[in-house]
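Notes for the one structure printed next.
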Amino acid sequence: MSGELDLGPVFAAAGVEGWLHATDLESGREVGHRPDSALPIASIFKLPLLVELSRQADAGGLDLTERITVGPRQRTFGPTGLSVMLDEVTISLRDLAYLMIAVSDNTAADVLSARVGLEAVNAMLRSFGLTRTQVVMNTTSLYASMAEDTGHDWPYQEPEDLARMRVLDPARANSSTPREMTRLLGLIWTDRAASPELCAWMRGLLGLQVWPHRLASGFPYDDVEVSGKTGSLPTIRNEVGVVEYPDGGRYAVAVFTRAFSPAANLPRADAVIGTTAHLAVDHLRAGRA
């Protein structure tokens, strides 16, 4: 069963256009607001990269405990993790994955994508029938494309700059739909994305994400667990994740937004992700009674 929520006024009040899909992982009930629109996913591309990393480890193609040395010349632009470190670091593949998910470390993601291969990530997505999801850029090429398209570095706030950016065009960028992202989360939470051991590991990493201002803000309860992955680009604020209640209810949620304003700091645009996710999950929980 599926349903449509009219969340347009809620998104608009926060200064954004929005898209959402949520599903009850136990019953399969779904609810959405324009859930099949193809949209830029920004750093959420790190989630399918994590899945393919796990599958290659399952197949014996790599050892997650293998250590790699990352030097200053391998740094990718970004505000967290290895991206802002100054010295050479030796680290395991699995700890790179932790940094990639927990703090959205761009350098960690690019080291892992070079090892895993974006073609392999896309083949995995197709094998699961996620045909509207694509990963065509690592973070180095993503940032390079923005500079190339606009002719300058950050900030990117002029309408003319935004209109030229490939990263904001789902046909040319890393993109997906809210429905396909909840399907991928469902595969992880039901041990079908990889082995049960590595699905549990992925769930653990997603539970360590440090950002509380989007999806988690809608569920400020000690006994409700929220695991997720954010993604941000100019005007874009997204998050996908799973909300778990003490009664066993588990809900995969994907919320994508695009702000009307190019301002970097828009707290209401962040908070509406949690607000609309809570409305969707409440709708699904009402159907459990």
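Quick caveat: nothing in here was measured; it's all calculated off a predicted structure. Residue numbers count from 1 along this sequence.
- Side-chain N or O atoms of R268 include none that pairs as donor or acceptor with a backbone N or O of V16 at under 3.5 Å.
- With sequence neighbours excluded, no residue forms a ring pair (Phe, Tyr, Trp, His ring centres under 6.0 Å) with F128.
- No donor-acceptor contact under 3.5 angstrom links the side chains of R214 and T257, judged on distance only.
- Inspection of the T90 and T69 side chains reveals an N or O donor paired with an N or O acceptor under 3.5 Å.
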Q: For side-chain contact (heavy atoms from CB on, under 4.5 Å), just list the numbers for I41 and F256, CA-CA rounded to whole Å, side-chain angles, deciding distance to a tenth of an Å, and then say yes or no.
A: CA-CA 8 Å; I41 56 175; F256 295 176; 3.9 Å; yes
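- Counting heavy atoms of neighbouring residues, nucleotides and ligands inside a 6.0 Å radius, atom CG of N265 does not exceed 12 of them.
- With no hydrogens or angles considered, a side-chain donor-acceptor pair links S104 and K229 at under 3.5 Å.
- Between the side chains of N106 and S83, no donor-acceptor pair is found at a separation under 3.5 Å.
- Using cut-offs of 30° and 60° for the angle between ring planes, the F219 and H278 rings count as parallel.
- Under the 4.5 Å side-chain contact rule for hydrophobic residues, W19 and L279 do not share a cluster.
- Of all the heavy atoms in M100 and L49, the pair that sits closest is SD-CD2, 3.6 Å.
- T190 and R192 are linked by a side-chain donor-acceptor pair at a separation below 3.5 angstrom, with hydrogens and angles left out of the test.
- The main-chain N or O of L5 is found under 3.5 Å from a side-chain atom of H33 such that the two form a donor-acceptor pair.
- Using a 4.5 Å cut-off between side-chain heavy atoms of Ile, Leu, Val, Met, Phe, Trp and Tyr, with links allowed through other members, I273 and L206 fall into different hydrophobic clusters.
- Crowding of E197 atom CD: a count of heavy atoms from other residues, nucleotides or ligands under 6.0 Å not exceeding 12.
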**Q.** CA sep, side-chain torsions, deciding dist, call: L208, I101, side-chain contact (heavy atoms from CB on, under 4.5 Å)
**A.** CA-CA 8 Å; L208 294 173; I101 297 300; over 6 Å; no
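- Within a 6.0 Å sphere centred on OH of Y98, heavy atoms belonging to other residues, nucleotides or ligands number 12 at most.
- Shortest non-hydrogen contact noted between S217 and G274 is OG-CA, 3.8 Å.
- Enclosure of atom CZ in R166 by more than 12 non-hydrogen atoms of other residues, nucleotides or ligands within 6.0 angstrom is indicated.
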Q: With side-chain contact (heavy atoms from CB on, under 4.5 Å) as the test, would you mind laying out the steps for R179 and E30 before giving the verdict?
A: CA-CA 9 Å; R179 190 189 303 273; E30 303 172 283; 3.2 Å; yes
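- N174 places a side-chain N or O within 3.5 Å of a backbone atom of V136 that can act as its donor or acceptor partner.
- Counting only heavy atoms from C-beta outward, the side chains of F45 and M137 never approach each other to under 4.5 Å.
- D149 places no side-chain N or O within donor-acceptor distance of the main-chain N or O of V167, the cut-off being under 3.5 Å.
- Residues R203 and V242 have side chains not in contact (no heavy-atom distance under 4.5 Å, counting atoms from C-beta outward).
- Between P48 and L184 there is a side-chain heavy-atom pair separated by less than 4.5 Å.
- Annotation for L198 and S54: closest pair CD1-O, 3.2 Å, computed over non-hydrogen atoms.
- Minimum interatomic distance between R115 and L62 (heavy atoms only, all atoms of both residues): NH2-CB, 4.0 Å.
- Clustering ILVMFWY residues whenever any of their side-chain heavy atoms sit less than 4.5 angstrom apart, transitively, puts Y251 in the very cluster that holds V226.
- Closest heavy-atom contact between P170 and L168: CD-O, 3.5 Å.
- A donor-acceptor contact shorter than 3.5 Å links the side chain of N122 to the backbone of L118.
- Within the 3.5 Å criterion, the main-chain N or O of S176 finds no donor-acceptor partner in the side chain of Q134.
- Between I68 and L93, the closest side-chain pair of non-hydrogen atoms falls below 4.5 Å.
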Q: Go through the steps for T107 and R75 under the test side chain to side chain donor-acceptor pair (under 3.5 Å), then give the verdict.
A: CA-CA 5 Å; T107 296; R75 300 291 194 267; 5.4 Å; no
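- For the pair V10 and T275, the minimum side-chain heavy-atom distance is below 4.5 Å.
- Classification of the H152-Y156 ring pair by plane angle, with boundaries at 30° and 60°, yields tilted.
- Identified under the ring pair (Phe, Tyr, Trp, His ring centres under 6.0 Å) test for residues 181-202, with sequence neighbours left out: none.
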Q. Should L233 and L142 be marked as a side-chain contact (heavy atoms from CB on, under 4.5 Å) after you check the CA-CA gap, both sets of side-chain angles, and the distance that decides it?
A. CA-CA 10 Å; L233 282 170; L142 182 151; 3.7 Å; yes
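- One hydrophobic cluster holds both L112 and L47 under the rule that ILVMFWY side chains link at heavy-atom gaps under 4.5 Å.
- Clustering ILVMFWY residues whenever any of their side-chain heavy atoms sit less than 4.5 angstrom apart, transitively, puts L99 in the very cluster that holds V210.
- Between the side chains of S92 and T65, not a single donor N or O lies within less than 3.5 Å of an accepting N or O.
- Contact detail for P178 and L39: the closest heavy-atom pair is CD-CD1, 4.1 Å.
- At least one side-chain heavy atom of R237 sits less than 4.5 Å from a side-chain heavy atom of L266.
- Atom NE2 of H213 is separated from atom OG1 of T230 by 6.5 Å, given to the nearest 0.5 angstrom.
- Think of L86 as one node in a network of Ile, Leu, Val, Met, Phe, Trp and Tyr side chains linked at under 4.5 Å; it has no links at all.
- Looking at L162 and P262, their side chains come closer than 4.5 Å, going by heavy atoms from C-beta outward.
- Between the CG atom in D223 and the OH atom in Y245 there is a gap of 9.0 Å [rounded to 0.5 Å].
- Shown are V240, L185, T131; of these, the side chain to side chain contact (heavy atoms under 4.5 Å, CB included) with E180 is made only by T131.
- Side-chain contact between E17 and F260 is present, with at least one heavy-atom pair separated by less than 4.5 Å.
- Rounding to the nearest 0.5 Å places CG of N138 at 11.5 Å from OH of Y143.
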